[in-house]
Amino acid sequence: MSDHNYVPKSRVAKWFNDRLPLLTLANHLTDYPTPKNLNYWWTFGGILTFCLITQIVTGLTLAMHYIAHADMAFESVEHIMRDVNYGWLIRYIHSNGASMFFLAVYIHIFRSLFYGSYKAPREIIWILGIIIYLLMMAAAFMGYVLPWGQMSFWGATVITNLFSAIPLVGEGIVTWLWGGYSVDNPTLTRFFTLHYLIPFLILGLVVLHIWALHVPGNNNPVGIDIKKPSKDTVPFHPYIVVKDTFALLMFMIIFAFFVFYSPNVLGHADNYIEANPMVTPAHIVPEWYLLPFYAILRSVPDKLLGVIAMLSAILILAALPWLDTSKIRSAVFRPLYRQFFWILVIDVLVLGYVGAMPAEGLYLLVARVATAYYFIHFLVILPVLGFKEKTIPLPMSISEPVLGGTGNLATAKNNKHLD
Amino acid sequence: MKKLIALKFFILISLGISFSANSAEKVDLMTTDWTFKGLFGKFDRASLQRGYQVYTEVCAACHSMKYLSYRNLMEEGGPEFSEAQAKAIAAQFEITDGPNSEGEMFQRPAKLSDKFVMPYPNAKAAQAANGGAYPPDMSVLAKARKGGVDYLYSLLLGYEDPPIGVSLDEGVHYNKFMYGNKIKMPKPLEDDLIEYSDGTPATEEQMAKDVVTFLMWSAEPHLEARHKMGFKAIIYLTILTLLVYLSMRKIWSRVKSEV
């Protein structure tokens, strides 16, 4: 942004901009040169921003009516559903919004994995993204506790109990987290406070995420560095704005189907039963978006090692820019990586599936194999692949065809799109 | 492309496994022609009114409905009793109010603004009167059980004599849809147990259907408004999407690229 020499036309605007260069910022965002070949997988950044704002706005409204007290939380949610004007709408947008947020973030993350968007010089963008993802999980988990239903209560009990696996101080930490000797009112009030705080932390990190993005500019499906601005780029406005809007509207239609026609399908029936410390539900399961990690946790027989495995499964992603030794970004030019990418996708889906099933028999076996493969992918396959893989020649630019040519169908198809 | 086919194949297989796994461990639920399902689903007013009658004459002996008020009975999208009818219904119940200016609690007939009167003063009393089992509050029951309305409908009609070899304790009944097949609630419905004020024959199935419809409404009182608004919202979004799509085509036609 420092290389900008934008001068507003009117004198008032110039006076203002000299003192606070907001107009320079606006001009930068409007003109921001974007690769012209971005496909629809790139529209999820905008969709995620929409999700965050939607969660904050509906969340604020809910907080005006919600009561964070163990004896009144469930009742206040029913009050919102029954007596607050359009309370049902706001709450269903918020609860389904969490699922849509995670759906979008998973697509966003896997897009990054496929096209190598985490590689130099975009490591900081990637790591900021991982921190955002971690905070999203924390916010979602605490949000699920707030209605104080059976799954809220027992989910909170199971997850907070994980900290007791820490040697020596574990039990003390759990008591400190709970604010007592069991999950109770002090736990609920602090979860509410943190649930309110975290979205604003995420918002701040999103600003940094976008700032860090605007330094090197967007990666693109071909994964090569491009000159900016050039005939390979288009200004952000109107080209990307209109495309992102179109994709966002498609996303909103799916979102609306959930909110209006099956608002509870992604939730769990037990959470409409008021929390009862005396009755444990038959199966305690987290929300769908946490299931793969839940499966990893349960696949390790030792509690402490299970917790370590679960945390490592997320934190390993932060090391990805250095674990992937290939200099080629896009999987389009990496025939072997492309296959391993899809195996990883399937592996994570399998983990999600077995995470929802009881941890016994065949399910447990599958969970163990899938967990092992997850780590092998990042710790063995990716580092080795960078040295062994025979990649496809890269094009000189987005607009120019590949030098040398190739028989690969995907590449040929891709090039046809690009010229 | 091959990968995509493989992926779809995999998803199909996993769905197949999950369905077979689910069906192996439980009996199929019974269902009926619910009017409130689907994109334009609405409650059957007469069924809701009959359902309220079943609730108040049968279920309410043990089950509370603490999140409902008598005014809800006359609100749009519900049983839609007239205001006079709803007031008359409320007036049948006595509630304890107070303290008055002398500091005394007193009894008065319920008003539209009062919550449904509870059958027991507290959960302990409810348990004591029902052999230790707490009759769950029915306000959101239709959403609080896996299988929802079909499960409730099946449960009401699922009472049977226990199979040979299954012995039941005193006060425990056999129900083929209950988790573990043992239930403390005695069979609640019999043909002609009540007399419908609209003259509908009160068969067991009819009463089960009506009361479950009533429970669905009590769990989702704004279901009709939600369906109506959803239809409008999706039409609106579809038109807007189309307009934005056309704008996008026009704008991107200046650039030699896909889209």
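Predicted, not measured: the structure shown is a model, and the values here were computed from it. Within every chain, numbering begins at 1; the chains are lettered A, B, ... in the order of the sequence lines, protein sequences first and strands thereafter.
- The distance from atom CG of Leu240(B) to atom CZ of Phe246(A), rounded to the nearest 0.5 Å, is 11.0 Å.
- Residue-environment remark: CD (Glu83(B)) stays at or below the threshold of 12 foreign heavy atoms within 6.0 Å.
- Between atom NE2 of residue His222(B) and atom CG of residue Asp83(A) there is a gap of 7.0 Å, rounded to the nearest 0.5 Å.
- The CG atom of Leu39(B) lies 12.5 Å from the CZ atom of Phe260(A); values are rounded to the nearest 0.5 Å.
- Distance check, rounded to the nearest 0.5 Å: CE of Met250(A) to OG1 of Thr238(B) gives 10.0 Å.
- Of the two parts of Lys37(B), neither the backbone nor the side chain holds a non-hydrogen atom closer than 4.5 Å to a non-hydrogen atom of chain A.
- Summarising the geometry, atom CG belonging to Leu237(B) is positioned 11.0 Å from atom CD1 belonging to Ile254(A); distances are rounded to the nearest 0.5 Å.
- Between Val244(B) and Val242(A), the shortest heavy-atom contact is CG1-O, 3.8 Å.
- Per-residue counts of heavy-atom pairs under 4.5 Å with chain A were compared for Gly38(B), Ser218(B), Ser69(B); the largest is that of Ser218(B).
- Comparing Ile253(A), Val234(A), Ile273(A) by how many heavy-atom pairs each has under 4.5 Å with chain B, the most go to Ile253(A).
- Looking at Phe257(A), the atoms closer than 4.5 Å to chain B (heavy atoms on both sides) sit in the backbone and in the side chain alike.
- Around CH2 of Trp41(A), the count of heavy atoms belonging to other residues, nucleotides or ligands within 6.0 Å does not exceed 12.
- Identified by a heavy-atom distance below 4.5 Å to chain A, the contributing residues of residues 224-233 of chain B are Ala225(B), Arg226(B), His227(B), Met229(B), Gly230(B), Phe231(B), Ala233(B), in residue-number order.
- Between Trp252(B) and Tyr239(A), the ring-plane angle classifies as perpendicular under the 30° and 60° cut-offs.
- Heavy atoms of other residues, nucleotides or ligands lying less than 6.0 angstrom from CG of Asn122(B) number more than 12.
- Under a cut-off of 6.0 angstrom, the local environment of NZ in Lys42(B) is sparse, with at most 12 non-hydrogen atoms contributed by other residues, nucleotides or ligands.
- For chain B, the nearby part of Ala282(A) is the side chain; its heavy atoms alone come within less than 4.5 Å.
- Sorted by first and then second residue, the salt bridge (charged side-chain N to carboxylate O under 4.0 Å, His left out) pairs involving residues 248-271 of chain A (not counting sequence neighbours) form an empty list.
- When heavy atoms are compared at a cutoff of 4.5 Å, Glu220(B) approaches chain A solely by way of its side chain, counted from C-beta outward.
- Here the side chains of Arg82(A) and Glu75(B) are not in contact, with every heavy-atom distance at 4.5 Å or above.
- Only the backbone of Val259(A) comes within less than 4.5 Å of a heavy atom in chain B; its side chain stays farther off.
- Within a 6.0 Å radius of NZ in Lys111(B), no more than 12 heavy atoms belonging to other residues, nucleotides or ligands are found.
- Heavy atoms closer than 4.5 Å to chain B are found in both the backbone and the side chain of Glu75(A).
- To the nearest 0.5 angstrom, Ile251(B) atom CD1 is 11.0 Å from Ile240(A) atom CD1.
- Proximity to chain B is limited to the side chain of Leu89(A), based on heavy atoms less than 4.5 angstrom apart.
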